[in-house]
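Below is one structure, written out as C-alpha cells, with a few remarks after it.
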Amino acid sequence: MKMDYCVLGTNNMDLSFQFYNSLFEGCELNHVLSTERMSFWQCDEFAFAIAKPFDGAPASNGNGTMIGFNVGSSDEVERLHSKAIELGGICVGAPGHRGPKFSAYVRDLDKNKIVFSA
C-alpha cells in the first residue's frame with residue numbers, strides 16, 4: 001500500500017492556491033486542474049489538492065495531523081522551508097536532523113502542518 005493523494009482544507013482558495021502553486025515551482029508536483037472548490041497538483045505517483053470543505057463548514061487544521069513531502073535532499077528541504085516562510089507560512093521546526101532524517105516543519109496559510117524531509 002502507498003499514499004495516493006492528500007487534500008488539505010482551505011478557507012481562502014485564492015491565497016492557498018498562490019501559496020502552493022509558488023511553493024511547488026521547480027518540484028515534481030504540477031498544477032493540473034482547478035475548480036471553484038478544489039485545485040489539484042500531480043506527479044507520477046501522488047496527487048495533492050486544496051479544497052473548500054464539501055459540507056460548507058469552515059476548514060480547520062488537525063492538532064497532530066501533518067502531511068510529509070520527501071524532497072530528496074537537505075538543500076531542497078532548506079529551499080522549500082525558506083520558500084514557505086517567504087510565502088507567509090509559519091516556521092514550526094527549522095531545518096535540521098531529526099532521527100535519521102533531515103527535515104523542516106511549516107504551517108501553511110490555513111495553519112495546516114507540512115514537513116519537508118530527505
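Just the heavy atoms: all of them, side chains too, but no hydrogens, waters or symmetry mates, feed the values below. Just so we're clear, the structure is a prediction, and the values are computed from it rather than from any experiment.
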Hey, does [Y] have a side-chain heavy atom less than 4.5 Å from the side chain of [X]?
{"X": "Ile85", "Y": "Val106", "value": "yes"}
{"X": "Glu76", "Y": "Phe116", "value": "no"}
{"X": "Phe40", "Y": "Val7", "value": "no"}
{"X": "Arg79", "Y": "Val71", "value": "no"}
{"X": "Leu23", "Y": "Leu87", "value": "yes"}

Item to complete: Verify the distance criterion only: is there a donor paired with an acceptor across the side chains of Ser117 and Ser103 at less than 3.5 Å?
Response: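 There is no such pair (donor and acceptor under 3.5 Å, judged by atom type) between the side chains of Ser117 and Ser103.
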Discussion item. Taking the ring centre of each residue, are Phe24 and Phe48 less than 6.0 Å apart?
Written reply: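 Yes: the rings meet the under 6.0 Å criterion.
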Discussion item. Tell me if the aromatic rings of Trp41 and Phe46 count as close, with their centers under 6.0 Å from one another.
Written reply: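 Ring centres of Phe46 and Trp41 not closer than 6.0 Å.
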Discussion item. If hydrophobic clusters are built by linking Ile, Leu, Val, Met, Phe, Trp and Tyr wherever their side-chain heavy atoms come under 4.5 Å apart, do Tyr20 and Val32 end up in the same one?
Written reply: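 Tyr20 and Val32: separate clusters.
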Worksheet item: Is it the case that one hydrophobic cluster holds both Ile114 and Met38, taking links as side-chain heavy atoms less than 4.5 Å apart, direct or via other members?
Response: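 Different clusters: Ile114 never reaches Met38 through Ile, Leu, Val, Met, Phe, Trp or Tyr contacts under 4.5 Å.
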I'd like to know if the side chain of [X] and the backbone of [Y] have a donor-acceptor N/O pair within less than 3.5 Å.
{"X": "Asn112", "Y": "Leu8", "answer": "no"}
{"X": "Arg37", "Y": "Ala51", "answer": "no"}
{"X": "His81", "Y": "Lys83", "answer": "no"}
{"X": "Asn30", "Y": "Glu28", "answer": "yes"}
{"X": "Ser16", "Y": "Asn12", "answer": "no"}

Practice prompt. Supply the atom-to-atom distance Lys113 NZ to Asp108 CG, rounded to the nearest 0.5 angstrom.
Written response: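 Spacing of NZ (Lys113) from CG (Asp108) equals 12.5 Å.
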Worksheet item: If you measure from OG on Ser34 to CG on Asn21, what distance do you get to the nearest 0.5 Å?
Response: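 Here the interatomic distance stands at 8.0 Å.
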Fill in: Residue pair Asn70, Lys101: steps toward the side-chain contact (heavy atoms from CB on, under 4.5 Å) verdict
CA-CA 10 Å; Asn70 183 326; Lys101 296 211 175 227; 4.0 Å; yes
Practice prompt. Quick one: name the residues clustered hydrophobically with Phe54, using the 4.5 Å side-chain heavy-atom rule over I, L, V, M, F, W, Y, and just say none if it's on its own.
Written response: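 Hydrophobic cluster check, Phe54: no partners found.
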Which heavy-atom pair separates [X] from [Y] by the least distance, and what is that distance?
{"X": "Arg98", "Y": "Gly93", "result": "NH2-C, 3.5 Å"}
{"X": "Ser74", "Y": "Ala118", "result": "N-CB, 3.8 Å"}
{"X": "Phe17", "Y": "Ile50", "result": "N-CD1, 3.5 Å"}
{"X": "Cys27", "Y": "Leu80", "result": "SG-CD2, 3.9 Å"}

Check: residues 60-69 side-chain donor-acceptor pairs under 3.5 Å, at least two apart:
{"from": "Asn61", "atom 1": "ND2", "to": "Asp110", "atom 2": "O", "distance (Å)": "3.3"}
{"from": "Asn61", "atom 1": "ND2", "to": "Lys111", "atom 2": "O", "distance (Å)": "3.2"}

